[in-house]
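Reading through the structure tokens given below for one structure.
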Amino acid sequence: MSNANDFIIENGVLKKYVGPGGDVVIPEDITKIAMFAFAECANLRSVVLPSNGASIDLFAFSKCTILREVTFPSGTWLGGNAFSGCTGLERV
């Protein structure tokens, strides 16, 4: 599980994830996940995105090779290659 110290956030934009990985729940007040915010996070297993439909920028989760599951609401905007190189994805 994640906590507030796991994220660098500026004005509702999640700029960088600095936590240990595992199962991450992104805070509900996030409106955007910035480019490369989670890129190459070696220990990220699952992500639950905010129910508000936050946008996910280009390459936000690229090369998270053990990422297995992503949960997000319909209407979420996905930037190009947001999950490129996520070779372990099993369920979205």
Does Ile26 reach the side chain of Leu14, with side-chain heavy atoms less than 4.5 Å apart?
-> yes
message = Please say yes or no: joined through hydrophobic side-chain contacts below 4.5 Å, possibly via intermediate residues, are Phe36 and Leu78 part of one cluster?
response = no
Indicate, with yes or no, if Ile9 and Phe61 share a hydrophobic cluster defined by side-chain heavy-atom contacts under 4.5 Å among Ile, Leu, Val, Met, Phe, Trp and Tyr. yes
Review point. So Phe38 and Phe7, would you call those rings parallel, tilted or perpendicular, with 30° and 60° as cut-offs?
Key: perpendicular
**OP:** Report whether Leu89 and Ile56 are members of the same hydrophobic cluster (ILVMFWY, side-chain heavy atoms less than 4.5 Å apart, transitive linking).
**Re:** yes
Heavy-atom closest pair (Asp23 atom, Arg45 atom, distance to 0.1 Å) is OD2-NH2, 3.3 Å
* To do: Evaluate the side-chain proximity of Asp29 to Pro50: yes if any heavy-atom separation is below 4.5 Å, no if none is.
  => no
- Could you check if a side-chain atom of Asp57 sits within less than 4.5 angstrom of a side-chain atom of Val13, using non-hydrogen atoms only? no
Nearest heavy-atom contact between Cys64 and Cys41 is SG-N, 3.8 Å
Practice prompt. Report yes if the side chains of Arg68 and Ser46 come closer than 4.5 Å at any heavy-atom pair, otherwise no.
Written response: no
Minimal heavy-atom distance between Thr76 and Pro73, with the atoms involved, is OG1-O, 2.7 Å
query: Applying the 4.5 Å side-chain criterion to the ILVMFWY set and letting contacts propagate, would Phe59 and Phe83 be lumped into a single cluster?
result: no
Between Gly79 and Leu58 the two heavy atoms that sit nearest each other are C-CD2, 4.0 Å
* Asked: Is any side-chain heavy atom of Val92 closer than 4.5 Å to a side-chain heavy atom of Phe72?
  -> yes
| query | Is the number of heavy atoms from other residues, nucleotides or ligands under 6.0 Å of Lys16 NZ greater than 12? | reply | yes
